[in-house]
Amino acid sequence: MKKYDVVVIGAGPGGYVAAIRCAQLGLSTACVESWINEDGKPALGGTCLNVGCIPSKALLDSSHHYHHIKHDAAEHGINVSGTTIDVNKMISRKAKIVKILTQGISGLFRKNNVDWLKGHATLKSNSEIQINSRHEDHDEETAIQANHIIIATGSVPTAIPSASVDNKLVVDSTGALKFNEVPRRLGVIGAGVIGLELGSVWNRLGSEVVILEALPDFLSAVDKQIAAEAEKTLRNQGLDIRLGAKVTGTGSNNREVSVSYEDESGKQQLTVDKLIVAVGRKPNTEGLGAEQCGLELDERGFIVVDEHCQTNLENVYAVGDVVRGPMLAHKASEEGVAIAERIAGKPGHMNYETIPWVIYTWPEIAWVGQSEEQLKQAGIDYRVGSFPFMATGRARAMGETNGLVKILADKKTDRVLGIHIFGPNASELIAEAVVTMEFDGSSEDLARTIHAHPTLSEAMHEAALGVDNRTIHI
Ligand code: FAD
Ligand code: AMP
């Protein structure tokens, strides 16, 4: 039986990054991956590359260009007529990007001598794994041994009985990445990250989008002021966001879907051409053999781990969406690196306090650290500095004046406790905030840092000055 220092199960951003880092550190490493694409071919990259982060951003970019050309170009004196969208071309561009990136990972595996084992892995013990593979003409079962096992089996969309996915008219996030035409009326269940991003894609392309959200507050985990700004702007863009609207049932014929939901005024009905179910994701441990080998799961199905991603089984670790913490690709990858380094005897480190969050609507929403509400709840005294993009030259020049940067700093020590952005390119701007917090920086550090002019980052600088009431441009 072949034996490795490390076997990683799953090749999403948690698993493939862990495998590469293990191999870089001189450990003999294999990565087992069961993903099969629509064309029947195996692929690396997991949810993130195949049906998550990357394809959704490809469609967000395409739809952003379309919308910009159609609605904003004239303001720049650019007259474009007859703008149309070729949905099939947009979808095949997305598929090409996915293919290049997933093939890139197989190149990285070759370069680093990571063995890609194609098939489904089941834990037999804390040192033995069974792999079931499908070939054209036969199925195969093999077994391998490992000194260390890293589980990175990710997550899958949550299903709700009131809206069962048929992947024709009622789709999950994967189905919503491959519509072959723009639905005239689109319903989305769930105003979370995925619902808002996919709703935005199709709204920009012309769909009438209604988003039904069971909770009464919009983006309840986001700083309230930022969420309120975002809600106002997204509604202005045409997203019909209905809060406190709990979906109770759906029915579809071959043409349209009727959605029943309840809000504070009682029972409601909505008819749409397509419905996206985006009510969250759940950890994926299907067929992993957790029960048989005594791997502990919590009541929601997550693999139980300590702060170093160690499970209850010796030498078995788990990272990414299948364990507690935010379901984000970069969180999965950093856990993967930290674990690889600990296995190699190095001090692997993961700072859960400084994980950035991004929602890729336009403008984008990004934050790191605590919100104003969380600070209040924890009884921490803080000062706030904020600055609207409207007052920066670059945002004006770009015609992107919506949004603001908000910095929360400890009242006594001035240490930055949270930075929240709603604005153009917030996904890029948040990096400065993360670095500041990672270095335990103060708002004064940011205020004394020279920011290039004219840039969007000047809003960060001015917000930092604002903590001490000394903004210049407002
Ligand atoms: P996954 O990426 O889910 O990978 C797990 C892999 O394990 C899969 O390839 C699966 O086939 C394999 N596997 C499972 N069980 C077995 C087994 N028993 N044997 C062999 N292989 C197995 N996150 C962001 O940070 N930014 C974004 O912009 C973003 N956008 C998203 C958009 C959408 C539409 C979706 C759905 C998700 C998005 N996410 C985003 C979330 C992100 O995709 C996940 O957080 C990330 O993929 C988690 O990585 P992972 O390695 O834990 O698991
Ligand atoms: P996220 O977990 O960020 O992907 O968001 C999923 C969203 O879906 C959450 O805000 C949930 O409140 C919402 N949701 C879950 N079930 C329902 C339902 N039956 N009707 C409407 N919204 C729902």
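When a ligand or atom number is given, it counts from 1 through the structure's own listing order. Throughout, numbering of the chain's residues begins at 1 and tracks the sequence.
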K.L.:
Could you list the residues that satisfy ring-ring contact (aromatic ring centres under 6.0 Å, His included) with His67, not counting sequence neighbours?
P.N.:
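His67 satisfies ring-ring contact (aromatic ring centres under 6.0 Å, His included) with His71 once adjacent residues are dropped.
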K.L.:
Any idea which residues sit under 4.0 Å from ligand 1, heavy-atom distances?
P.N.:
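Under the 4.0 Å cut-off, ligand 1 touches Ile9, Gly10, Ala11, Gly12, Pro13, Gly14, Gly15, Val32, Glu33, Ser34, Trp35, Gly46, Thr47, Cys48, Val51, Gly52, Cys53, Ser56, Lys57, Gly119, His120, Ala121, Ala152, Thr153, Gly154, Ser155, Ser173, Ile194, Arg281, Asn284, Gly320, Asp321, Met327, Leu328, Ala329, His330, Ala332, Tyr360.
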K.L.:
With heavy-atom distances below 4.0 Å as the criterion, list the atoms of ligand 2 near Gly280.
P.N.:
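Atoms satisfying the 4.0 Å criterion: 2 (O), 4 (O), 6 (C).
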K.L.:
List in chain and number order the residues that pass ring-ring contact (aromatic ring centres under 6.0 Å, His included) with His64, two or more places apart in sequence or in another chain; answer none if no residue qualifies.
P.N.:
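With sequence neighbours excluded, His64 shows a ring-ring contact (aromatic ring centres under 6.0 Å, His included) to His68, Trp362, given in chain and number order.
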K.L.:
List every atom of ligand 2 that sits less than 4.0 Å from any heavy atom of Ile160, numbering the atoms from 1 in the order shown and giving each element.
P.N.:
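Once the distances to Ile160 are compared, the set is 19 (N).
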K.L.:
Just to be sure I'm reading this right: ignoring hydrogens, which of Ala191, Ala214, Ser173 gets closest to atom 22 (N) of ligand 2? Compare them by their nearest heavy atoms.
P.N.:
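Looking at heavy atoms only, Ala214 sits closest to atom 22 (N) of ligand 2.
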K.L.:
Taking only residues two or more places apart in sequence, or in another chain, which ones meet Gln24 in a side chain to side chain contact (heavy atoms under 4.5 Å, CB included)?
P.N.:
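Only Ile20, Arg21, Asn112 meet the side chain to side chain contact (heavy atoms under 4.5 Å, CB included) criterion with Gln24.
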K.L.:
Considering only heavy atoms of Leu212, which atoms of ligand 2 have at least one such atom less than 4.0 Å away?
P.N.:
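Result: 21 (C), 22 (N).
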K.L.:
Quick one: look up the protein heavy atom nearest atom 3 (O) of ligand 2 and list residue, atom name and how far away it is.
P.N.:
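Ranked first by proximity to atom 3 (O) of ligand 2 is Gly192 CA, 3.5 Å.
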K.L.:
Under 6.0 Å from the CD atom of Glu286, do we count more than 12 heavy atoms belonging to anything else shown?
P.N.:
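Open.
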K.L.:
Does at least one non-hydrogen atom of Ile194 fall below 4.0 angstrom from an atom of ligand 2?
P.N.:
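Contact absent.
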K.L.:
Hey, mind stepping through Glu296 and Thr311 against side chain to side chain contact (heavy atoms under 4.5 Å, CB included) and telling me if it holds?
P.N.:
CA-CA 7 Å; Glu296 193 187 346; Thr311 70; over 6 Å; no
K.L.:
Under the criterion side-chain hydrogen bond (donor to acceptor under 3.5 Å, both in side chains), I'd like the reasoning laid out for Asp263 against Gln268: C-alpha separation, chi angles, the key distance, then a yes or no.
P.N.:
CA-CA 7 Å; Asp263 61 16; Gln268 311 286 349; 3.0 Å; yes
K.L.:
Around Lys99, counting heavy atoms of other residues, nucleotides and ligands shown, do more than 12 lie under 6.0 Å from its NZ?
P.N.:
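Check fails, neighbour count at 12 or below.
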K.L.:
Numbering the atoms of ligand 2 from 1, which are under 4.0 Å from a heavy atom of Ala245?
P.N.:
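Numbered from 1, ligand 2 contributes 20 (N), 21 (C).
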K.L.:
To which protein heavy atom is atom 19 (N) of ligand 2 closest, and what is the distance rounded to 0.1 Å?
P.N.:
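Heavy-atom neighbour on the protein nearest atom 19 (N) of ligand 2: Val247 O, 3.5 Å.
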K.L.:
Side chains of Arg242 and Tyr261: is there a donor and an acceptor less than 3.5 Å apart?
P.N.:
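Yes.
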K.L.:
Check this for me, if you would: do Asp223 and Lys406 make a salt bridge, where the nitrogen-to-carboxylate-oxygen distance has to be below 4.0 angstrom?
P.N.:
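A salt bridge is present here (some side-chain N lies under 4.0 Å from a carboxylate O).
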K.L.:
If you have a sec, work out which protein heavy atom is nearest atom 8 (O) of ligand 2 and how many Å separate them, to one decimal?
P.N.:
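Protein heavy atom at minimum distance: Gly190 CA, 3.2 Å.
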K.L.:
Which of the numbered atoms in ligand 2 are under 4.0 angstrom from any heavy atom belonging to Val193?
P.N.:
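Those atoms are 3 (O).
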K.L.:
CZ/Phe439 to OG1/Thr354 distance, rounded to the nearest 0.5 angstrom?
P.N.:
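Taking CZ in Phe439 and OG1 in Thr354, the distance rounds to 10.5 Å.
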K.L.:
Using 4.0 Å as the upper bound for N to carboxylate O, is an ion pair formed by Lys232 and Glu229?
P.N.:
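Looking at Glu229 and Lys232, the cut-off is met.
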K.L.:
Could you list the atoms of ligand 2 found under 4.0 angstrom from a heavy atom of Ile189?
P.N.:
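Near Ile189, meaning under 4.0 Å from one of its heavy atoms, ligand 2 has 18 (C), 20 (N), 21 (C), 22 (N).
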K.L.:
How far is atom 10 (O) of ligand 2 from its nearest protein heavy atom, and which residue and atom is that?
P.N.:
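The closest heavy atom on the protein side is Glu213 OE1, 2.7 Å.
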K.L.:
Is Asp115 salt-bridged to Lys2, cutoff N-O under 4.0 Å?
P.N.:
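Salt bridge flag = yes for Lys2 with Asp115.
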K.L.:
Against ligand 2, does Ala163 come closer than 4.0 Å with any heavy atom?
P.N.:
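Distance cut 4.0 Å: Ala163 fails for ligand 2.
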K.L.:
Regarding Arg324 and Glu335, does a basic nitrogen lie under 4.0 Å from an acidic carboxylate oxygen?
P.N.:
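Yes.
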K.L.:
Heavy-atom contacts with Leu215 under 4.0 Å: which atoms of ligand 2 show up? List them by number with element.
P.N.:
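Once the distances to Leu215 are compared, the set is 12 (O).
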K.L.:
Tell me which part of Val279 gets within contact of ligand 2: side chain, backbone, both or neither, using heavy atoms under 4.0 Å.
P.N.:
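Both of them.
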